[in-house]
Each structure stands twice: as C-alpha cells, then as structure tokens.
Amino acid sequence: MIELDKAYEASKYEADIYQNWLDSGYFNPDNLGDGEPFSIIMPPPNVTGTLHVGHALFVTIQDILTRFRRMQGRKTLWLPGTDHAAIATQSKVEKILTKEGVRKTDLGREEFVKRVETFAAESRDTIVGQIKALGASVDWSREAYTLDEPRSLAVRTAFKNMYDDGLIYRAHKVINWDPKGQTVISDDEIVHEEREATLYTFKYSADFPISISTTRPETKIGDTAVAVHPEDARYKQFIGQEFDVTFAGEQLHIKIIGEESVDPEFGTGALGVTPAHSQVDAEIGERHKLPFKQVINEFAKMTAGQEGVIDQKTTVAREAIVEWLRSENLLEREESVKQNVATAERSGGIIEPLPKLQWFLDVNKPFTLKKSQIEGIDSGTETTLKELMRQVVTSGQIKIFPDHFNKTYFHWIDNLRDWCISRQIWFGHRIPVWYKTTPVILSGAKRNEESDNGSFANAQDDSDAQDDSNMYVGIEAPEGEGWTQDEDTLDTWFSSGLWTFSTLGWPNETPDLKTFHPTTVMETGYDILFFWVARMVLMSGYHLGQIPFEHVYLHGLIRDSKNQKMSKSLGNIIDPLDMIEKYGTDALRFALVFNTAPGTDTALAEDKIKGMKHFGNKLWNITRYILTNISADEVAVILSVAKDLDSSASPQNDKLTKADQLILNQLSETIESVSKSLNVFRIHDAAQTLYEFVWKEFADVYIEATKEQIQNENQKANTQAILLHILLHILKLLHPFMPFVTEVLWQKLREGKLVEDKTLIIANWPK
RNA sequence: GGGCGAUUAGCUCAGCUGGUCAGAGCGCUUCGUUUACACCGAAGAUGUCAGAGGUUCGAAUCCUCUAUCGCCCACCA
C-alpha cells in the first residue's frame with residue numbers, strides 16, 4: 001500500500017499543495033456551484049511592512065469559516081486586499097528617507113508619492129506571499145487595493161454623493177492639529193497620555209476681579225472670556241461685564257459669561273475661555289458668540305505676546321509667562337496635578353487644537369435614504385448617519401459577536417461628533433474638489449471679523465462653502481483652465497469604510513455586488529470596531545441602503561506567553577513565518593484558535609505551537625497505521641463496507657463490536673458538535689472537540705482496540721472499513737483548521753484509490 | 001468621571017441558555033525500547049472555581065456588594 005514517512009514534514013508539502021489549490025480554481029466562487037452565497041471581505045492589511053501573528057490569527061479564523069462553508073456547498077467568496085494606510089505608510093517612508101538624508105520636501109509631491117507607491121508595492125508582494133503561506137483560500141482574481149483605480153472611483157463617487165446631500169461640508173473649526181505630523185487628525189486617532197502638569201492660579205492683571213486656573217498659561221493670550229457658573233454667588237454680579245486688560249504684553253478683551261458646564265468646585269470656579277485653542281472652549285465660544293483669537297500656529301509656536309513669548313514654542317512661552325506672572329505678583333498658587341495630554345497616535349506629537357479650514361462629515365444632519373433595506377428605516381424617509389449606525393445594531397440586523405461589544409459600540413456612537421476627513425498629507429486619495437484659483441495656505445489664519453470678510457481669499461466660510469461657484473466637486477476633474485485640485489487627501493478610513501462594496505465593483509452595479517453584498521461575516525479585531533466597523537456601517541447604509549455585513553466577529557489581541565504586548569523593543573515578537581518554517585502552518589493555525597475565546601486577548605507561547613505540531617503528526621501517524629493495515633486487494637471490500645456505514649446513521653450490522661459502536665457514535669456526536677460550534681462562530685470549541693476526538697477517542701482507544709480486532713477474520717473487514725470511514729471524516733472536519741496536512745493525507749488516500757474527490761477543498765462537509 | 005471585561009490546577013487559558021463542569025494545552029512525577037507515532041503510550045499529583053451575601057431542590061455558571069487587575073471612552077480648566 002501507500003508508504004508514508006515516519007513523521008510529517010510540513011515544509012516538504014505546503015508550497016505544492018497551495019499551488020495545487022490555486023490551479024484547481026476553487027477559491028474562485030465562479031467555479032463553484034450555485035449554492036447560497038457566503039462572503040467575507042478580508043480586512044486589508046496595511047502596506048507598511050510585513051505580517052505579524054495578529055494577521056495570522058485573522059487569516060486563520062477567516063479561512064476556517066470560508067473553508068467550512070465552501071465544503072458545505074455554499075458559493076463562497078473570500079476577497080483579499082491591502083490598505084494604503086495613508087498616514088502610517090507615508091510616515092514609514094519618510095523615516096526611511098530620513099535615514100538616507102532626504103526630506104520629502106526635497107523630492108516634491110509627485111516624486112515622493114512615487115516613492116511611497118514603490119514601497120507599498122513591495123510591501124504588498126511580501127504580504128501576499130505571507131497570506132499564501134498561511135494557506136488562505138482567498139480568490140486572488142478579485143484582489144483589491146484601497147488606492148487602486150476602481151477603489152478611487154468609488155471614493156470620488158462617495159465623496160460627491162455625500163457632498164451633494166450636504167453631509168460633507170467644509171468649515172473653519174477648531175480641530176486636532178498634530179504639529180509633528182503637520183496634519184489634522186480625527187478624534188479617533190488621538191491617544192491620551194497621563195502626565196504630571198502644574199496647575200497655575202492667577203489673575204490676568206491686578207485690576208481684574210477674578211482669578212483663574214490653567215495648566216497652559218501661554219494659551220491665555222488667546223482668552224476672550226471668563227466663564228463662571230451662573231448661580232455662583234462669588235461671581236454672579238460680574239456676568240455680562242467686559243474688561244480690557246494687559247496680559248503679558250497682550251491686550252485682552254474679556255467678557256464674563258455664565259456657563260452651566262463650569263464646575264464651581266474646581267480651581268477658583270472660574271474658567272478662562274480660549275475658544276481658538278481648546279475643543280471645549282470652542283463650544284463655549286460658539287454658544288456665546290465669542291471671538292476666536294488664534295495665538296498658536298501649526299508649528300506650536302506663539303503668534304502673539306510680548307518679547308520672549310511671540311515666536312517661541314508653547315512650552316518656552318509657558319515658562320516666560322509664568323515668570324512674568326511672578327514678577328508682576330499675579331501668581332497665587334502652583335500645584336502639581338495629573339493631566340491627560342492628547343497625543344497623535346502615529347507621530348506621538350502633542351495635539352494642538354487650532355481653528356482650521358477642513359472637510360467634515362456631518363453625522364447628525366438629516367438626509368433622505370432613497371432605497372433602504374435597513375430594518376426600521378423605510379425607503380424615502382429621513383434619517384441621520386448616527387441614527388443609521390445605531391439602528392442596524394439595535395434591530396439585530398447586524399449581530400456583533402461577542403455580543404458585549406454592542407454596548408461599546410453604542411457608547412461610541414453616543415459620543416460621536418462630526419468626522420474630520422481631510423488630511424494634510426500627500427499619500428492617499430486626493431479630495432475630489434477643484435478651485436478656480438490656488439487655495440491660500442491657511443497657516444495662522446484667524447477666525448475673526450477680518451478673516452471672515454475675505455482674508456481667506458478663496459477659502460470658503462462655513463456658511464457659503466456649499467454653493468461657491470469658484471469650487472467644483474466632482475468625480476472627474478472639471479473642464480476648462482485654471483482649476484486646481486484641493487491639496488489635501490482623505491482620511492484612510494474614508495476609503496476603508498467603502499471596503500465591503502468598493503471591492504465588489506461599486507459604483508457599478510456588478511453581479512458580484514448583487515450576489516455577495518451584504519457580506520456574510522466581517523471578521524476583525526475589536527480594537528478597530530470604531531475606526532472601521534462603524535464606518536463601514538455608515539458608508540454602506542448611506543450609499544447602498546444596506547448593511548455591509550450580517551455578522552461581526554471580533555477577535556482579541558495576541559500577546560506573548562507572559563501576557564505582554566508583542567513589540568520590537570521587548571524582543572518578544574513571534575514571527576509567523578518563523579513558526580511556519582519550524583512547525584508548519586497547520587501547527588501555527590491550530591495553536592492560534594485552540595483554547596482561545598473570541599474577543600479576548602490570548603497569550604501565545606512557542607510551546608503551544610510545538611504541541612499542535614505534534615497533533616498534526618499524530619494525524620499523520622494515524623493515517624500511516626491505517627494504510628499499513630490495508631492491502632491493495634482488500635480495497636474493494638473495504639470500500640463497499642464503508643459505503644454501508646455511510647448510508648445509515650447507526651449501522652445495524654450485528655458484527656459490530658462494542659468498540660466499533662462506540663467510536664461510530666462518538667463520530668456522529670463530533671460531527672454534530674463541530675458543525676454547531678462553527679455555525680455560531682465558536683471556533684475554539686470546534687477545535688477542542690476535534691482534538692479530543694482524534695487523539696483520545698480515536699487514537700488512544702479505538703485504534704488500540706483494532707490491533708486485536710484486525711487479527712480476527714470475522715471482524716477484519718469491518719474494522720478496516722470503520723478505520724477508513726472515521727479517518728475520512730476526520731480529514732474533512734479538520735481540513736478548515738489544518739488544511740495542509742489533511743490535504744496531503746487525502747492525496748495519499750487518493751493514490752491508494754481509497755477516495756475519489758480530487759481535493760478536500762470541495763469535499764462534502766459531513767452531516 | 002463614565003463604560004466594558006477579567007479573577008478557575010505551577011504557567012497560559014476553555015467552560016455556550018444553572019444539574020457527569022471541576023476541564024484542556026504546556027509543565028511536573030513514576031513506569032514503558034510491543035512494527036502508527038518517544039513529535040509516543042500507561043498511571044498520577046496539584047484547585048474551598050478572588051471574597052462576602054442572595055436567588056434556587058441545585059451555582060464556577062444568575063443577582064447584589066467588596067477587593068485586585070486590564071482595556072476603552074471622556075472637555076474638569
């Protein structure tokens with residue numbers, strides 16, 4: 001019969017097996033039957049380098065779900081892709097250039113973007129190679145990239161549609177400026193770091209009646225009001241009064257206002273309001289129609305104040321102002337406090353709130369949803385993006401798993417503000433807006449009477465931005481001379497939000513879109529529930545009137561064996577390719593899903609992967625044992641007996657021994673349990689069940705029993721048939737988890753004419 | 001400040017809708033060179049399931065509180 005090596009050596013087979021799968025064409029749903037469609041769009045890895053174990057985890061989970069459904073006869077699509085990851089990729093390339101002593105401004109925009117594209121292309125190739133190494137059964141013929149031409153068309157179309165509906169607008173607002181990265185970023189790209197700070201309490205000037213407290217005295221140059229609680233007996237009498245003071249050489253006009261939001265218990269109970277340099281103060285400023293006085297520029301330097309303050313970094317100016325307060329005897333108190341400082345996730349720069357002209361997506365503005373398949377929102381009725389995002393989860397149309405993330409999702413939506421979608425970086429989707437004249441650089445632009453009256457030149461004011469004839473918003477560039485495209489690019493999550501349908505051909509009404517959208521499952525990390533999952537819901541709801549996916553499966557983060565985050569600096573990174581080389585892909589895959597719960601972080605030790613390699617080897621040797629106990633001339637008989645086993649759930653064969661009956665029962669229980677678990681995404685349960693069945697019930701008990709049974713001529717054929725019967729089922733059941741070793745063994749059985757199906761990929765899932 | 005989650009064998013964790021749920025992997029101890037596998041097999045040790053109340057015929061599993069840890073969100077200047 002067929003000879004097997006004593007041990008399974010994964011590296012000997014994996015590459016060939018994967019190539020055979022590709023050649024079979026079965027990763028492409030066009031080559032499958034007309035079963036019920038099943039689709040997963042792969043969360044596109046960033047083209048910033050190579051894959052880590054986190055990627056290996058999501059590839060494994062998605063591949064398990066995909067292979068399971070394909071074997072069940074569903075018309076299965078798993079569509080792969082990569083993400084241009086605007087800021088992340090740009091800064092990566094900038095770092096590389098810096099090492100070469102080159103700055104991006106030396107290259108110019110066009111040349112720089114070309115460099116980034118080259119880097120992205122190489123990175124993409126690496127990533128594709130790794131995804132293949134992991135055994136992903138994706139349809140490469142449909143591979144997408146967030147910045148390729150079809151996706152660009154989708155982005156421009158989406159922008160245009162939302163602009164026409166008044167959801168995308170351009171406005172001069174206080175935004176999160178990253179002085180290090182020189183771009184605006186959204187609320188979600190901010191991370192708060194707790195730091196020690198000094199809270200200073202002082203008066204602007206000796207004749208000012210109220211003391212205020214702040215950790216940032218330098219911003220007080222931009223104060224235009226002092227807010228107190230309207231019921232505060234200490235200050236009530238001042239509300240409505242206005243004062244002119246000289247503060248550190250700067251003339252300030254301060255109005256005393258009553259604000260419910262001011263806490264009388266904190267500090268002096270009075271808040272110096274700096275509308276231009278604080279998100280909160282900006283809101284107060286809006287409510288009270290206060291002037292916005294900008295005193296800090298894009299480089300975090302002061303644009304006002306006396307000598308020693310103006311043109312200085314904010315931190316230097318702070319010292320200077322405190323010094324001045326001391327010398328003027330205005331400083332009343334200094335105390336140490338803990339403070340949350342907003343920093344940019346990517347660059348680490350400290351966020352400087354600034355008023356700037358940017359593009360926003362309005363999440364609260366009502367619009368009419370023309371064609372709706374959203375439960376609870378009828379076609380032609382009004383809704384808002386926020387309501388839409390909430391509704392699809394409330395109604396249960398989208399099911400999030402594990403379900404406690406529902407609460408997190410709602411919590412985020414409740415706190416959601418308009419999304420700033422423009423970025424001052426070069427790499428990305430250029431905003432599809434053109435201006436008749438070159439837009440002015442807005443550095444240092446002040447929001448005051450002057451600027452509103454025209455010093456912005458071409459820059460539109462909030463109110464009339466929508467209908468300015470000098471501006472053109474379109475899918476393609478406008479005809480005629482003298483048009484200049486907006487310099488900014490879009491937040492990478494804008495294009496990512498379109499991912500479930502831009503990958504399927506939208507805005508064209510393609511067969512793919514019709515067949516596979518809404519997609520069946522979105523499988524991704526819980527850490528990007530807000531960034532991405534919510535944005536996809538928003539975009540799909542708005543543009544298609546559909547949910548983007550029926551199920552959301554959130555996986556946890558992979559940590560090291562000591563439960564620490566993996567990072568280069570800790571040197572505890574587990575490289576999936578190393579593991580594949582050492583233990584084989586199947587071992588890595590099984591280790592990643594074995595004994596882990598969805599949505600929970602998991603520790604991964606190399607020992608665990610090693611252990612799972614042993615499991616693959618066990619399977620190998622089980623097959624080896626069975627093959628050595630079947631001779632070629634027995635095959636026909638064995639197959640005919642095995643066929644009988646297949647045809648009835650509980651064979652009434654009176655020759656069956658107790659051991660035979662037991663294992664057959666255990667098999668049907670295992671089949672039922674595994675299918676059930678996979679149906680509800682309990683992958684770890686399914687993995688555990690299979691492990692137990694294969695090793696404990698089949699190998700340790702039944703196979704041991706067969707060593708005697710097979711000597712008995714009465715039982716021999718039966719025993720051989722049952723061994724084969726169980727083995728075939730195990731290979732099928734285990735295939736989604738360990739695709740390589742199961743396929744190798746399947747092919748061996750095929751050589752021995754023990755199975756007919758050409759490949760396990762489309763073998764029938766056991767029932 | 002608000003929210004979410006965790007606390008189960010030495011380590012890492014699984015235990016879905018309460019009743020073979022006290023488990024798995026790794027590690028550990030002893031024994032075993034039987035032609036599937038030493039990447040193995042057999043036998044074995046370790047846990048008042050964080051603590052305190054409560055619901056129940058019955059709770060690791062549901063409720064309340066407490067403690068510790070982790071994460072997310074947030075404008076206390």
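Every chain is numbered from 1, with letters handed out A, B, ... down the list of sequences.
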- [ ] Going 5' to 3' through nucleotides 10-25 of chain B, assign each nucleotide B (protein heavy atom under 4.0 Å from a base atom), S (under 4.0 Å only from sugar-phosphate atoms) or - (no protein heavy atom that close).
- [x] --SBSSS-------BS

TODO: Using a strict 4.0 Å threshold on nitrogen-to-oxygen distance, state whether A:Asp5 and A:Lys12 make a salt bridge.
DONE: yes

Open item on the list: Quick test of your reading: applying ring-ring contact (aromatic ring centres under 6.0 Å, His included), list the pairs with at least one residue in residues 254-283 of chain A, sequence neighbours left out, ordered by first then second residue.
Closed with: none

Task: Salt-bridge present (A:Lys748, A:Glu743; N to O < 4.0 Å) - done: no

TODO: Can you tell me, in whole Å, how much space there is between the C1' of B:G58 and that of B:C37?
DONE: 45 Å

- [ ] Could you check which residues of residues 3-11 of chain A get a heavy atom under 4.0 Å from RNA chain B? Sort them by number, please.
- [x] A:Lys6, A:Ala7

- [ ] Represent RNA chain B in dot-bracket notation, 5' to 3'. Only Watson-Crick or G-U wobble pairs with both distances under 3.5 Å count; pseudoknot-style crossings use [ ] and interstrand partners use |.
- [x] (((((((..((((.....[...)))).(((((.......))))).....(((((..]....))))))))))))....

Open item on the list: One character per nucleotide, please: for nucleotides 72-77 of chain B, 5' to 3', B when the base has a protein heavy atom closer than 4.0 Å, S when only the sugar-phosphate does, - otherwise.
Closed with: SSBBBB

Open item on the list: Under a 4.0 Å threshold between the charged nitrogen and the carboxylate oxygen, would A:Glu196 count as salt-bridged to A:Lys338?
Closed with: yes

Open item on the list: Suppose we call two aromatic rings close when their centres sit under 6.0 Å apart. Are A:Phe681 and A:His551 close by that rule?
Closed with: yes

Task: Integer-rounded Å distance: B:G2 C1' and A:Leu416 CG - done: 17 Å

- [ ] Mind jotting down which residue pairs meet the side-chain hydrogen bond (donor to acceptor under 3.5 Å, both in side chains) criterion with at least one end in residues 208-219 of chain A? Sequence neighbours excluded, please.
- [x] A:Thr201-A:Ser213, A:Ser211-A:Glu332, A:Thr215-A:Gln339, A:Arg216-A:Glu218, A:Arg216-A:Glu352, A:Glu218-A:Arg318

- [ ] Would you mind reading off the distance between A:Tyr625 atom OH and B:C37 atom P, rounded to a whole angstrom?
- [x] 11 Å

Open item on the list: Check whether A:Tyr583 forms a cation-pi arrangement with A:Lys610 (NZ or CZ under 6.0 Å from the six-membered ring centre, at most 45° off the ring normal).
Closed with: no

Open item on the list: Heavy atoms only, 4.0 Å cut-off, all strands: where does A:Ala227 land among base, sugar-phosphate and nothing?
Closed with: nothing

TODO: In whole angstrom, give me the gap between the C1' atoms of B:U29 and B:G15.
DONE: 27 Å

- [ ] May I ask you to say whether A:Arg287 pairs ionically with A:Glu259, meaning some side-chain N is under 4.0 Å from a carboxylate O?
- [x] yes

Task: Pairwise C1' distance for B:A24 and B:A14, with rounding to whole Å - done: 7 Å

Open item on the list: Using the ring centroid of each side chain, check whether A:Phe405 and A:Tyr409 are separated by less than 6.0 Å.
Closed with: no

Task: Atom-pair distance (NZ on A:Lys707; P on B:G41), nearest Å - done: 10 Å

Task: Pairwise C1' distance, B:C21 and B:U61 [rounded to whole Å] - done: 9 Å

Task: Ion pair A:Glu3/A:Arg624, N-O distance below 4.0 Å - done: no

Open item on the list: Between P on B:A36 and CD on A:Gln720, what's the gap in Å once rounded to a whole number?
Closed with: 14 Å

TODO: Describe the nucleic acid contact of A:Ile703 in one word from base, sugar-phosphate, nothing, applying a heavy-atom distance below 4.0 Å.
DONE: base

Open item on the list: Side chains of A:Ser186 and A:Glu189: any donor to acceptor distance under 3.5 Å?
Closed with: yes

Open item on the list: Taking B:C16 as the reference, what is the distance to B:C28 when you measure between their P atoms (whole Å, please)?
Closed with: 31 Å

Task: Rounded P spacing from B:C13 to B:A6 in Å - done: 13 Å

TODO: Using a strict 4.0 Å threshold on nitrogen-to-oxygen distance, state whether A:Asp188 and A:Arg535 make a salt bridge.
DONE: yes

Open item on the list: Tell me the interatomic distance from A:Phe410, atom CZ, to B:G3, atom P, rounded to whole angstroms.
Closed with: 17 Å

Task: Same-atom distance (P) from B:G47 to B:G5, integer angstrom - done: 31 Å

TODO: Mind running side chain to side chain donor-acceptor pair (under 3.5 Å) on A:Trp419 and A:Asp491 for me, showing each step along the way?
DONE: CA-CA 10 Å; A:Trp419 173 18; A:Asp491 181 4; 3.0 Å; yes

Open item on the list: Taking A:Arg333 first and then A:Glu335, would you say they form a salt bridge - that is, a charged N and a carboxylate O separated by under 4.0 Å?
Closed with: yes

- [ ] Using the C1' atom as the reference point in each nucleotide, state the distance between B:C73 and B:C62 in Å, no decimals.
- [x] 28 Å

Open item on the list: Name the residue from A:Phe594, A:Tyr691, A:Phe737 that meets the ring-ring contact (aromatic ring centres under 6.0 Å, His included) definition with A:Phe615.
Closed with: A:Tyr691

